[in-house]
A.B. asks: 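Mind having a look at this structure? Questions to follow.
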Amino acid sequence: MNNNNNPIQTSFLSSEETIQLVTDVLPSTLNLENNTKKTSNMLSQKISTEHRLMRWCALILTLSTLIIIWRYITILILSIWLSSICRPILEWLVNHLPLMNRCREKRSRSAIAAFLLVFLVLVVILPIILIIIALTGSTINFVASISNSTTARHAINLIVPPTNDNFTKTGVNQTSDYDFVGFIRGGKNATFHLFERLLMQRDTITDVLQLFGGQALSVISTVAGVTAQFIIGLLIFLVSTYSFLLHGNELWTWVLQHSPLSKKHMNRFYDAFHETGRGLLIGVCLTCAVQGFVAAIAYLCLQIPRWYALGVLTGLCSLIPILGTAIVWIPITIGLFIQQAYVKAVIMITVGVLAIGSIDNLLRPVFSKLGSLQMSTLLLLLTIFGGLELVGPWGALLGPLIVRLATEAIILVREDEDEELNSSTTHM
């Protein structure tokens, strides 16, 4: 066998050849590494640019969504607050109804939520809306008449009209005009007279067209537009409340997972948001409503005209610190003294001090267990009236909410700075 056909050639490189080989290979290796770094840097820059663009895209789309739903944002806020208040009631019904096993099913839970929502709307929400509508116009007219008074004596006489006929003839309406039923019927309301004419006369449409002329179509379109807005708003409120009542926890879990803020920050904002809702609806509104109701009953028992409007004013004035409800019942007491109704005046002082004025001290600790707003009275008044002037009626809710979230954000920023300072000092 001939080994010369496959010779094994063994060669050794000299030191110079080795150095030459290294000097030839090393630059190419470094160039390869540099190219790899450049490629990775370009890729990372491209990815970061895409992420940055995606953030801007998400921000723009989120702002666009807020602009689209801004008209109904307050309705959504109210529905979230109401669903959070009613969710413990729903859980209690699910766990304590006789059909416990079936109630825990999805369909039965939805049925219970729908029944609870309908019950709240028919028993609580609609009566409150009707009462507010019935009292708002009368209260505004009453306040306007008082503000137009030239003297303090005339304003007091408007609050507690004298019983003599001479003063009645001089410009103050009779007691029957201040009757609550008369207001509900709308004795001075042209719209009610219009409906009466529509029912009593066959040719009323022609009379209305002659009365309003070219404005009849605009009036009808305005009424139709307001009615449509009310129906749409009520529908959105019902659907959103039902959805948040059933799926509120799931929606909040999704928000926590996809929010750019940390869970700590989001949970703090969540607590501040619901604290504001409970504080406004329970701590503030319910306290004012109870004080106004008690005051209205006292005014009615003392046979004071416009007792319903004075009750509303008493409830609103309960928000004002120091004076509070005394802004309303002290002028009533002065008017009773002027009319020499000393017994009624003494009763008014007693009820005002012991009943109306003490309700806030008695009920606020009770309502604070259900919901309390961590905001000073001065700041609350500023946010309510500032929101009313800026946004309108819904500003009474948006103003305190925005300021409460702003204060919570400031507190969080300070806490984060303190944490960073403490962590830096510990590492040193």
Side-chain angles (χ1 to χ4, degrees), residues 33-34 36-70 73-74 76-77 80-81 83-85 87 244 247-284 368-384 386-387 390-391 395 397-428:
E33 291 179 356
N34 292 331
T36 304
K37 289 181 180 180
K38 290 181 180 179
T39 305
S40 62
N41 290 332
M42 293 176 61
L43 183 61
S44 62
Q45 289 179 359
K46 181 180 179 182
I47 294 174
S48 63
T49 303
E50 292 177 352
H51 289 174
R52 193 179 298 110
L53 291 175
M54 193 63 234
R55 292 190 186 98
W56 279 104
C57 182
L59 179 61
I60 294 172
L61 292 176
T62 303
L63 293 177
S64 302
T65 304
L66 290 177
I67 293 173
I68 292 173
I69 67 174
W70 175 254
I73 191 68
T74 311
L76 294 176
I77 292 173
I80 294 173
W81 285 344
S83 62
S84 66
I85 294 173
R87 190 172 293 113
F244 291 134
H247 310 293
N249 294 329
E250 299 175 2
L251 292 174
W252 177 244
T253 302
W254 184 90
V255 171
L256 281 179
Q257 293 176 352
H258 297 85
S259 174
L261 300 178
S262 64
K263 290 185 178 180
K264 170 193 172 182
H265 295 163
M266 291 301 296
N267 288 326
R268 291 283 292 273
F269 282 127
Y270 177 88
D271 295 337
F273 178 85
H274 288 282
E275 173 200 309
T276 306
R278 291 176 179 271
L280 288 176
L281 298 180
I282 298 177
V284 177
S368 63
K369 296 180 180 179
L370 301 175
S372 61
L373 182 59
Q374 302 298 325
M375 186 181 296
S376 64
T377 306
L378 176 60
L379 186 58
L380 179 62
L381 287 176
L382 291 176
T383 54
I384 289 177
L390 184 62
V391 183
L397 298 178
L398 290 178
L401 176 61
I402 293 174
V403 174
R404 180 65 185 89
L405 293 178
T407 54
E408 191 67 24
I410 294 173
I411 294 172
L412 286 173
V413 170
R414 184 60 183 175
E415 290 180 356
D416 292 341
E417 291 179 353
D418 293 338
E419 290 180 359
E420 291 179 358
L421 182 62
N422 294 329
S423 61
S424 62
T425 54
T426 54
H427 290 299
M428 290 178 63

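Along the sequence shown, the residues carry numbers beginning at 1. None of the values given here were measured: they were computed from a predicted structure.
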A.B. asks: To check you understand the geometry: which heavy-atom pair defines the closest contact between G395 and P400, and what is its length?
C.D. replies: O-CD, 4.0 Å
A.B. asks: Drop me the distance from T383's OG1 to L390's CG, to the nearest 0.5 angstrom.
C.D. replies: 12.5 Å
A.B. asks: Side chains of V403 and L382: does their closest heavy-atom pair fall under 4.5 Å?
C.D. replies: no
A.B. asks: Looking at CH2 of W70 and OG of S64, how far apart are the two atoms once the value is rounded to the nearest 0.5 Å?
C.D. replies: 15.0 Å
A.B. asks: Report the distance from atom CD1 of I85 to atom CD1 of I80, rounding to the nearest 0.5 Å.
C.D. replies: 12.0 Å
A.B. asks: Quick one: are M266 and W252 in side-chain contact, heavy atoms under 4.5 Å?
C.D. replies: yes
A.B. asks: Please name the residue in the list T276, L397, L398 that meets the side-chain contact (heavy atoms from CB on, under 4.5 Å) test with I77.
C.D. replies: L398
A.B. asks: Taking the side chain from R278 and the backbone from S84, do they hold a donor-acceptor pair closer than 3.5 Å?
C.D. replies: yes
A.B. asks: Calculate, to the nearest 0.5 Å, the distance between atoms CD1 and CD1 belonging to I67 and I73 respectively.
C.D. replies: 12.0 Å
A.B. asks: Flag the pair Y270 / H274 as yes when their ring centroid distance falls below 6.0 Å, and as no otherwise.
C.D. replies: yes
A.B. asks: Looking at every non-hydrogen atom in both residues, tell me the closest pair between R87 and G248 and how far apart they are.
C.D. replies: NH2-CA, 3.7 Å
A.B. asks: How long is the gap from CD1 on I384 to CG on L379, to the nearest 0.5 Å?
C.D. replies: 10.0 Å
A.B. asks: Is a salt bridge present between R268 and E415, judged by a nitrogen-to-oxygen distance below 4.0 Å?
C.D. replies: yes
A.B. asks: W81 versus I282: any side-chain heavy-atom pair under 4.5 Å?
C.D. replies: no
A.B. asks: Tell me if a side-chain donor or acceptor on H258 pairs with a main-chain N or O of W254 at a distance below 3.5 Å.
C.D. replies: yes
A.B. asks: Tell me, please, which residues at least two apart from E417 pass salt bridge (charged side-chain N to carboxylate O under 4.0 Å, His left out).
C.D. replies: R414
A.B. asks: Would D416 and K264 pass as an ion pair if we require N to O under 4.0 Å?
C.D. replies: yes
A.B. asks: For the CD1 atom of I60 and the CG atom of L53, what is their distance to the nearest 0.5 Å?
C.D. replies: 9.5 Å
A.B. asks: What I'd like to find out is whether the side chain of W56 reaches to under 4.5 Å of the side chain of L61, using heavy atoms alone.
C.D. replies: no
